2 protein chains.
Amino acid sequence: MNVLEQIQLNLNKLSRSERKVADAILASPKSAIHSSIATLAKLADVSEPTVNRFCRRMDTKGFPDFKLHLAQSLANGTPYVNRHVEESDSVEDYTNKIYEATLASLDRSRQMVDTATINRAVDILTQSKQISFFGHGASAVVAQDALNKFFRFNVPVQSFQDDLMQRMSCINSSDGDVVILISHTGRTKSLVELAMIAKENDATVIGITATDSPLANECNLVISTEIPEDTDLYMPMASRIGQLVIIDVLATGFTLRRGSKFRDNLQKVKQGIKESRFNKLLDK
Amino acid sequence: MNVLEQIQLNLNKLSRSERKVADAILASPKSAIHSSIATLAKLADVSEPTVNRFCRRMDTKGFPDFKLHLAQSLANGTPYVNRHVEESDSVEDYTNKIYEATLASLDRSRQMVDTATINRAVDILTQSKQISFFGHGASAVVAQDALNKFFRFNVPVQSFQDDLMQRMSCINSSDGDVVILISHTGRTKSLVELAMIAKENDATVIGITATDSPLANECNLVISTEIPEDTDLYMPMASRIGQLVIIDVLATGFTLRRGSKFRDNLQKVKQGIKESRFNKLLDK
DNA sequence: ACTATTTGTGTAATTAAATTACACAAATGT
DNA sequence: ACATTTGTGTAATTTAATTACACAAATAGT
């Protein structure tokens, strides 16, 4: 796959002239991708066909194709890595680290997301009488965001931050109601209790939480979010970003499932908001 | 840097024929890097020079150079391109599109973030008597999240969703107070008014909003978030994710600046939360 | 509304690049 | 030492990319 590794690997299987080509490329791969076969041949002190043969030997179709592969190998420079913020970090340092950590976390959750579960959740949501979103702390924010999104759809939806309100809501829930519980760790006691109460009252409980957590075990359906080893002191919780995107996905699936009549409504809401804004054409 | 983003960005600045080329490439970037200028021209139904001109417009030296850049863009795992959600999309389709759109948006804002401004904002925050976070709709969620974060630091911080409360708070603000206003478009009337009120009362106003917007013009300091072309019906607002990360960065900068005594406090808060959770060792 | 100018687009010619064919040289094996 | 394989370069050929130019469309200015 990776051409640079490929070169490295077959280095001693090459002939003398081809070896010269390999050395020239390895010495400065960045400049190699911008040279023509002629300049590279000159640089390696071999003939042009030799360079071409070398490329073929590296399992590429020819010199241009080889350059393409080489470019791709070089591009995989910075895979989003979780580097922790340190006390001595400059603004640039910690800003970059936080962005990278967030990107890494999102990328990981993208790879982990189970679309079958998503689909099942959308199923349940579209058939529900009422939807409730509950969470605490950072997850309360996510619940609030979800409320915001689903509220536009003109469906019965609610979200409370207050524990008592949450409990009352769950106690009053019944068959056809959906309760979505959001928790990063899945260990928040009150949320686990909410799940139990809601289930007792025949509501469907969906958890956006860590797999195999106490909360997950009480849910009818779990959209699992990966939980990183241990969040250190400075690092902000990237997890809530992942939760938000899952809300986005659910909301989108919901809209698509509900059909066209529904989307007219969405458009109407968007239009309605416009009046509270400065017109784009008028300013300046 | 990234050619795919470059294409996406200049999409509406292209002529009709060049747009066809852009569409053809975006439709299948992987196959594009393996085609010659002739096949690509045929695919896009334009002439070869048009393809070449398109490449030049994307700040590359020519077609081969363009392919090189494209290859590099593709190599970074996945092409984070904003492909719009369509009615016919499957679960996998829209899930992927949303994740990619979010990742793309985050990646872009990472490149655009101005650390000097961040530093300035952290300066102001650390020296403030009180911090207020205000926003509406999706941005209210971000304000809430910010409250959540800064509250842990044991500094005077507040956030209201209610417009009247926000106004009263700004009216009562004074020198040394910081008001952080969050708005995606920067055109929300009430927020612009808040900025004016707060400024009149000598508070420092920081905006997390679009550059050159009415709101931005009223702020003492603007942390600018890019504003994408036009958000379509299905696509969720990836912008709030970017805003959240900026909050993360500010909070981190704030902690680092405040020194070690401060961080003990953070640890204490983290410890305090633990009691509301199921112990990791006890369950199962 | 018509003309001038700019801007965009394709055809054909040109140039540059890469590949192939072939010949010779070096190395290896008999 | 000779035959055969393998490697390498020169020159020819092919292919791809670019440039030059002409025409068409759109825009702006009488």
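Predicted, not measured: the structure shown is a model, and the values here were computed from it. Residue numbers begin at 1 in each chain, while the letters A, B, ... track the order of the sequences.
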Separation of C/dA26 atom P from A/Arg16 atom CZ, nearest Å, is 9 Å
Any donor-acceptor pair under 3.5 Å linking the side chain of B/Asp65 with the backbone of B/Lys61? yes
Scan side-chain atoms only and decide if B/Ser239 and B/His184 contain a donor-acceptor pair under the 3.5 Å cut-off. yes
Euclidean distance, B/Phe66 CZ relative to B/Ile25 CD1, rounded to 0.5 Å: 3.5 Å
Taking NZ from A/Lys42 and C1' from C/dA18, how many angstroms apart are they, rounded to a whole number? 17 Å
Can you give me the first and the last nucleotide of DNA chain D (5' to 3') that has an atom within less than 4.0 angstrom of a non-hydrogen atom in chain B? D/dA17 to D/dT19
Check this for me: does any side-chain nitrogen of one of B/Glu100 and A/Arg110 sit under 4.0 Å from a carboxylate oxygen of the other? yes
5'-most contact on DNA chain D (nearest-nucleotide basis), B/Asp65 vs A/Lys20, goes to A/Lys20
Going by distance alone, is a donor N or O of one side chain under 3.5 Å from an acceptor N or O of the other, for B/Thr50 and B/Ser47? yes
Near-strand residues of residues 46-56 of chain A, defined as heavy-atom separation under 4.0 angstrom from DNA chain D: A/Val46, A/Ser47, A/Pro49, A/Thr50, A/Arg53
Where the side chain of B/Thr39 meets the backbone of B/Ser35, is there a donor-acceptor pair that is under 3.5 Å apart? no
Between B/His136 and B/Ser190, does any side-chain donor sit less than 3.5 Å from a side-chain acceptor? yes
Pair A/Asp23 + A/Arg19, salt bridge at N-O below 4.0 Å: yes
